[in-house]
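Convention: sequence-line order gives letters A, B, ...; per-chain numbering from 1.
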There are 2 protein chains.
Amino acid sequence: MLKISKKADYALMALQHIAAAQLGDVIPGRVVNTKEIAEEYNIPLELLAKVLQTLSRNALIESHNGPKGGYVLARRADKITIAQILESIEGPLGITDCSHEKDGEFCMQRDNCNIRTPLLKVQDSIAQLLNNMTLQDMMGGTPLITIQSSAAQGVAR
Amino acid sequence: MLKISKKADYALMALQHIAAAQLGDVIPGRVVNTKEIAEEYNIPLELLAKVLQTLSRNALIESHNGPKGGYVLARRADKITIAQILESIEGPLGITDCSHEKDGEFCMQRDNCNIRTPLLKVQDSIAQLLNNMTLQDMMGGTPLITIQSSAAQGVAR
DNA sequence: CCTTAGTCCGACCTTATTGATCGGAGACCA
DNA sequence: TGGTCTCCGATCAATAAGGTCGGACTAAGG
């Protein structure tokens with residue numbers, strides 16, 4: 001239960017990879033294309049492309065077309081939260097259907113609903129969790145920043 | 001995103017109702033049948049029945065057949081956690097596909113996967129949240145527990 | 001300047017999961 | 001013992017996810 005979609009998974013992997021490339025696993029500011037990511041993680045190429053398009057449309061990454069093109073982070077890794085990434089792909093966080101009811105529409109159970117309030121509390125806790133964790137925080141295994149020792153480069157790629 | 005299924009929703013409503021009936025909104029120890037719950041909350045009768053069957057099979061409620069039959073809580077409301085309820089309906093908690101991989105099977109991305117560890121941290125936090133909240137806590141606007149998000153700190157570095 | 005290879009982009013199809021439904025079996029009470 | 005009320009298991013339709021195809025654009029290289 002509460003499983004996030006494959007597309008969201010792919011988005012997280014791709015962003016982690018792009019961030020790592022940009023922070024300097026080889027060359028700082030490097031542009032990385034769809035094919036490279038797809039092969040690295042065994043993700044269906046065309047599906048990953050679709051995911052990256054969505055992320056681009058939501059201004060999390062920037063696309064550069066043509067030969068030597070690819071994607072670059074739109075802003076610093078510590079300014080991109082997990083919540084933003086997931087919401088770009090799967091839409092707004094909503095444990096229940098009645099989480100974001102507009103005026104006028106409401107579920108059939110609304111009148112006597114006895115679980116709405118507690119569930120919204122749970123939802124808030126999860127939202128807080130995802131909002132407080134950034135892409136930077138996910139870069140645990142890979143060396144942060146720095147062009148440094150050749151040992152570090154060996155590990156990174 | 002992260003939306004729980006309708007069936008899980010129904011399960012929570014039904015259990016809350018059964019618990020309320022049992023704790024004495026009219027008669028303590030009262031047996032409540034499927035039809036009563038379905039009408040109270042405008043839930044499709046047959047679908048709710050299926051949900052209750054599942055809960056019964058998972059030993060969260062006890063079924064009594066025949067006229068004047070119905071369902072009763074299998075144990076005290078403060079001994080039933082939200083996690084147990086949701087898992088009965090939707091299966092074990094798993095943010096990602098690789099959450100409960102058995103030996104031998106693993107996702108294609110496993111080798112170079114860079115997000116598995118941080119996501120498992122997030123999952124643990126959510127599990128903790130759901131395990132610490134009982135059916136009792138959902139009764140009548142009672143105060144709720146809130147966990148502070150420790151996932152981000154735990155993963156960083 | 002023009003060709004060409006490489007890239008992103010948007011619409012389409014297939015498959016799996018959820019939501020909902022139907023008829024039957026068992027149990028209790030009169 | 002008959003009838004009625006209840007739970008139960010198997011089956012069908014709707015929705016969303018996963019995956020695929022061809023076209024449009026860009027920038028380099030001759």
Side-chain angles (χ1 to χ4, degrees), chain A residues 1-11 13-14 18 30-39 41-72 74 86 88-92 94-97 107-109, chain B residues 1-11 13-14 18 30-39 41-72 74 86 88-92 94-97 107-109:
Chain A
M1 67 178 189
L2 290 180
K3 192 169 60 179
I4 63 179
S5 69
K6 283 270 187 195
K7 283 193 283 192
D9 263 346
Y10 297 157
M13 289 188 214
I18 294 173
R30 180 167 143 263
V31 176
V32 43
N33 63 16
T34 307
K35 188 177 176 185
E36 174 183 328
I37 301 175
E39 289 178 349
Y41 303 103
N42 291 304
I43 301 173
L45 178 66
E46 305 298 342
L47 181 56
L48 176 61
K50 195 160 136 49
V51 170
L52 292 175
Q53 288 164 30
T54 304
L55 292 176
S56 175
R57 237 182 287 118
N58 285 89
L60 289 176
I61 54 178
E62 289 175 359
S63 68
H64 292 279
N65 212 336
K68 296 287 183 183
Y71 292 98
V72 181
L86 295 181
S88 289
I89 303 297
E90 300 200 330
I95 294 290
T96 106
D97 284 334
C107 73
M108 282 302 156
Q109 291 80 30
Chain B
M1 67 178 187
L2 290 179
K3 191 169 59 179
I4 64 179
S5 69
K6 284 268 188 199
K7 283 193 283 191
D9 263 347
Y10 297 157
M13 289 187 214
I18 294 173
R30 183 168 142 259
V31 176
V32 42
N33 64 15
T34 306
K35 188 178 176 185
E36 173 183 329
I37 301 175
E39 289 178 350
Y41 302 103
N42 290 305
I43 302 174
L45 178 66
E46 305 298 342
L47 180 56
L48 176 62
K50 194 158 135 50
V51 169
L52 292 175
Q53 289 163 29
T54 304
L55 293 176
S56 175
R57 233 181 290 118
N58 285 90
L60 290 175
I61 54 178
E62 288 175 358
S63 69
H64 292 279
N65 213 334
K68 294 288 182 180
Y71 293 98
V72 180
L86 295 181
S88 288
I89 303 297
E90 301 200 329
I95 294 290
T96 105
D97 284 334
C107 73
M108 282 303 156
Q109 290 80 32

Do the side-chain N or O atoms of T34(A) get closer than 4.0 angstrom to the phosphate oxygens (OP1, OP2) of dT7(C)?
no

Considering just the side-chain nitrogens and oxygens of S56(B), establish if one lies under 4.0 Å of OP1 or OP2 belonging to dC7(D).
no

So N33(A) and Y71(A), side-chain contact (heavy atoms from CB on, under 4.5 Å) or not? Walk me through it.
CA-CA 6 Å; N33(A) 63 16; Y71(A) 292 98; over 6 Å; no

K7(A): salt bridge (charged side-chain N to carboxylate O under 4.0 Å, His left out) partners, not counting sequence neighbours:
none

Could you pull out the closest heavy-atom pair between [X] and [Y], with the gap in Å?
X: I4(B); Y: E90(B); answer: C-OE2, 3.6 Å
X: K35(A); Y: L45(A); answer: CA-CD1, 3.7 Å
X: L48(A); Y: T34(A); answer: CD2-O, 3.6 Å
X: I95(A); Y: L2(A); answer: CD1-CD2, 4.4 Å
X: L60(B); Y: S88(B); answer: CD1-OG, 3.3 Å

Give the rounded distance in Å between these two atoms: [atom1] of [X] and [atom2] of [N].
X: H64(B); N: dC29(C); atom1: NE2; atom2: P; answer: 12 Å
X: L55(A); N: dC8(C); atom1: CG; atom2: C1'; answer: 14 Å
X: E62(A); N: dC8(C); atom1: CD; atom2: C1'; answer: 15 Å
X: N58(B); N: dC7(D); atom1: CG; atom2: C1'; answer: 16 Å
X: L52(B); N: dC8(D); atom1: CG; atom2: P; answer: 9 Å
X: Y71(A); N: dG6(C); atom1: OH; atom2: P; answer: 17 Å
X: I89(B); N: dA20(C); atom1: CD1; atom2: P; answer: 14 Å
X: Q53(B); N: dT11(D); atom1: CD; atom2: P; answer: 15 Å

5'-most contact on DNA chain C (nearest-nucleotide basis), K3(A) vs N33(A), goes to N33(A)

I'd like to compare against my own output: the B/S/- annotation of nucleotides 17-30 of chain D with a strict under-4.0 Å heavy-atom distance to protein.
-SBBB---BBB---

